[in-house]
Amino acid sequence: MASVPSLASTLQQQLADALTAALPEAGTADPLLRRSDRADFQANGILALAKKLKGNPRELASQVTAALPAGGLIKDIEVSGPGFLNVTLTDRAITETLAARAADGDRLGVPVNAAAGTTVIDYAQPNVAKEMHVGHLRSAVIGDAMVRILEFTGETVIRRHHIGDWGTQFGMLIQYLFEHPGELKHEGDKADGEAAMSSLNRVYKASRVLFDSDEAFKARSRDRVVALQAGDPETLALWQGFVDESKIYFYSVFNKLDMEIRDADIVGESGYNDMLEETCRILEETGVAVRSEGALCVFFDDVKGPDGNPVPLIVKKTNGGYGYAATDLSAIRDRVQNLKADSLVYVVDARQSLHFKMVFETARRAGWLNEDVKAHQLAFGTVLGKDGKPFKTREGTTVRLEDLLDEAVERATAVVRGKAEKVGLTEEEIVENGRYVGVGAVKYADLSTSAVRDYKFDLDQMVALHGDTSVYLQYAYARIRSIMRNAGDAKPAAHPELDLAPAERAMGLHLDQFGEVLAEVAEGHEPHKLAAYLYQLASHLTTFYDQCQVLSDENAPEVVENRLFLVELTARTLHEGMRLLGIRTPERL
């Protein structure tokens, strides 16, 4: 594994050294390097430096230019306007850097962050006994992508699925199971996800009817909550069966999403039950929380209701019950003190932002979060229908996630089948690719939008072969694999001695940015920037195809080899980038 410095970082260092050599009185100076339409890069830092030193910016720029090393990286440098530097790199430097990336296996020269720590990511949080719907999609997809990206950049990532598996309603459900044993059993050894949820729904509906109509059952259900919280073995056994039944369903949905969910990563609300009382005691003893009308609360100067009065975070209710805050604060304690996390990321609906703002501030006051341990809510917006309103069925009910994924796969399979004869796909490949394309389309539509924004769910657009879709990227990858299969005896090989065509240079410079983009995505928790990078890479590839023949008898052998090298590295970058987003890239499409 060999980290490969990007062309931009190497140029940045050379310019910084030249600034220091030409202007030692300036100290450490930033050349403010960026990509440019006028050249490969533009350095804008000299103008601000000239103002600081009261000098002529163009003269300073000339001094810096003279101090740069000759040959190697820089082909041409031009002083423009009030001291801007327009820099063009040598074709040799571009090809040699890409060759070093290609030699680094799946990492493609991307460095591992030496300062990386341990991050706990809280994502994909379904509720026991409830169907997953379109609202669960974003947390699962965004969280899974961030896990992959952070791990790739060197972070130690601990996954946590904070499922809703505790609280008052479970007394009702467990009491019903206690009085109606065998309700959750199925024929055969193991229930599938649909059967599991059907069984859960049946129990829930039956228990709700009884709870609302029978006061004696309602009283027994409330007693059962007390027994559950007290750890009564028989009650816990029934509760565990209920949770296990739900997990069968969860896993079936996550399998359709092509996501791995490990049992050890599921630590629901119940997992922190033993910590709740201690959390409340610590908060009260340290003065972070105070009693107010019998409840244990935390108040904030900047959080007020419509009436102008402070809105508290209720940690413990008047009746002695615990709210979500107590569980979330206990989870922070566990993640920081036991899991030794120095970063907590919560992939949670933006509508819960106020709750988490108060929870994080409470944790800071208690000392559980500080300068060394940070918490961040990766807030996401709402999935909308084509009409711009929250996504619903025609009947106005919430869209089941399973139904949505099934329809996406059905649409995508039809698209794949339409191309199958031309490509020569077998029926097995059509079915497999249909799944990869359909699920990929749903994920990419989500991930290509800034998380905090709402986005419209439009399957017709998602499975389109053109435009900013995963299918466009998957097709770009498959097209390269087709070229490689048709290359015969020609093999990809870098030829730094060759001049590069404009489309080759543009694609090469973009390929070199992969590591920098990943570092930015990891730091800002912004997977949409990786999606944008990959779409731009596929667009560069399209331009390259239009302007540069790869397999042509008119090309010299070294030109064919160099172009095969460029497209193969593009395919590997597309494959790895899509993998980090949780999207498959079929070999033939």
Assess [X] against [Y]: is NZ or CZ under 6.0 Å from the centre of the six-membered ring, and within 45 degrees of the ring's axis?
| X | Y | value |
| --- | --- | --- |
| R107 | F152 | yes |
| R479 | Y545 | yes |
| R34 | F41 | no |

Start with the C-alpha gap between T95 and L566, add the side-chain angles, then the distance that decides, and say whether side chain to side chain contact (heavy atoms under 4.5 Å, CB included) holds. CA-CA 9 Å; T95 303; L566 285 172; over 6 Å; no
Using the ring of each side chain (for Trp, its six-membered ring), is F391 parallel, tilted or perpendicular to F457, with breaks at 30° and 60°? parallel
Check: [Y] main-chain N/O paired with [X] side-chain donor or acceptor under 3.5 Å:
| X | Y | value |
| --- | --- | --- |
| T153 | I149 | yes |
| D258 | Y436 | no |
| S470 | G440 | yes |
| R138 | V383 | no |
| E526 | V521 | no |
| N86 | A39 | no |
| R563 | Q549 | yes |
| S139 | H136 | no |
| R572 | G105 | yes |
| K529 | E520 | no |

Should V79 and I46 be marked as a side chain to side chain contact (heavy atoms under 4.5 Å, CB included) after you check the CA-CA gap, both sets of side-chain angles, and the distance that decides it? CA-CA 11 Å; V79 179; I46 292 175; over 6 Å; no
Separation of [Y] [atom2] from [X] [atom1] (nearest 0.5 Å):
| X | Y | atom1 | atom2 | result |
| --- | --- | --- | --- | --- |
| Q14 | L33 | CD | CG | 11.0 Å |
| L384 | D458 | CG | CG | 12.0 Å |
| T97 | L511 | OG1 | CG | 11.5 Å |
| M462 | Y444 | CE | OH | 12.0 Å |
| F360 | T362 | CZ | OG1 | 11.0 Å |

If only side-chain N and O atoms count, and only distance matters, is there a donor-acceptor pair under 3.5 Å linking [Y] with [X]?
| X | Y | result |
| --- | --- | --- |
| E497 | H495 | yes |
| R38 | S80 | no |
| E558 | N562 | no |

Taking the side chain as C-beta and beyond, is there a heavy-atom pair between Q125 and V348 under 4.5 Å? yes
Taking side chain to side chain contact (heavy atoms under 4.5 Å, CB included) as the criterion, tell me which of M358, E361, R365 meets it with V298. R365
Any ion pair linking E260 and R148 (charged N to carboxylate O, less than 4.0 Å)? no
Quick one: do R160 and D334 make a salt bridge, cutoff under 4.0 Å?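 Between D334 and R160 there is no salt bridge, as every charged N stays at least 4.0 Å from the carboxylate O atoms.
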Within a 6.0 Å radius of atom [atom1] on [X], are there more than 12 heavy atoms belonging to other residues, nucleotides or ligands?
| X | atom1 | value |
| --- | --- | --- |
| E587 | CD | yes |
| E523 | CD | no |
| D76 | CG | yes |
| Y324 | OH | no |

Verify whether the ring centers belonging to H376 and Y346 lie closer than 6.0 Å.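 Between H376 and Y346, the centre distance exceeds or equals 6.0 Å.
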Trace of the side chain to side chain contact (heavy atoms under 4.5 Å, CB included) decision for V347 with M146: CA-CA 9 Å; V347 188; M146 283 311 308; 5.7 Å; no
One pair to check against side chain to side chain contact (heavy atoms under 4.5 Å, CB included): L564 and L551. What are the steps and the verdict? CA-CA 8 Å; L564 284 173; L551 303 177; 4.1 Å; yes
Sort out for me which residue in D499, D512, D40 forms a salt bridge (charged side-chain N to carboxylate O under 4.0 Å, His left out) with R505.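 For R505, the salt bridge (charged side-chain N to carboxylate O under 4.0 Å, His left out) check succeeds only for D40.
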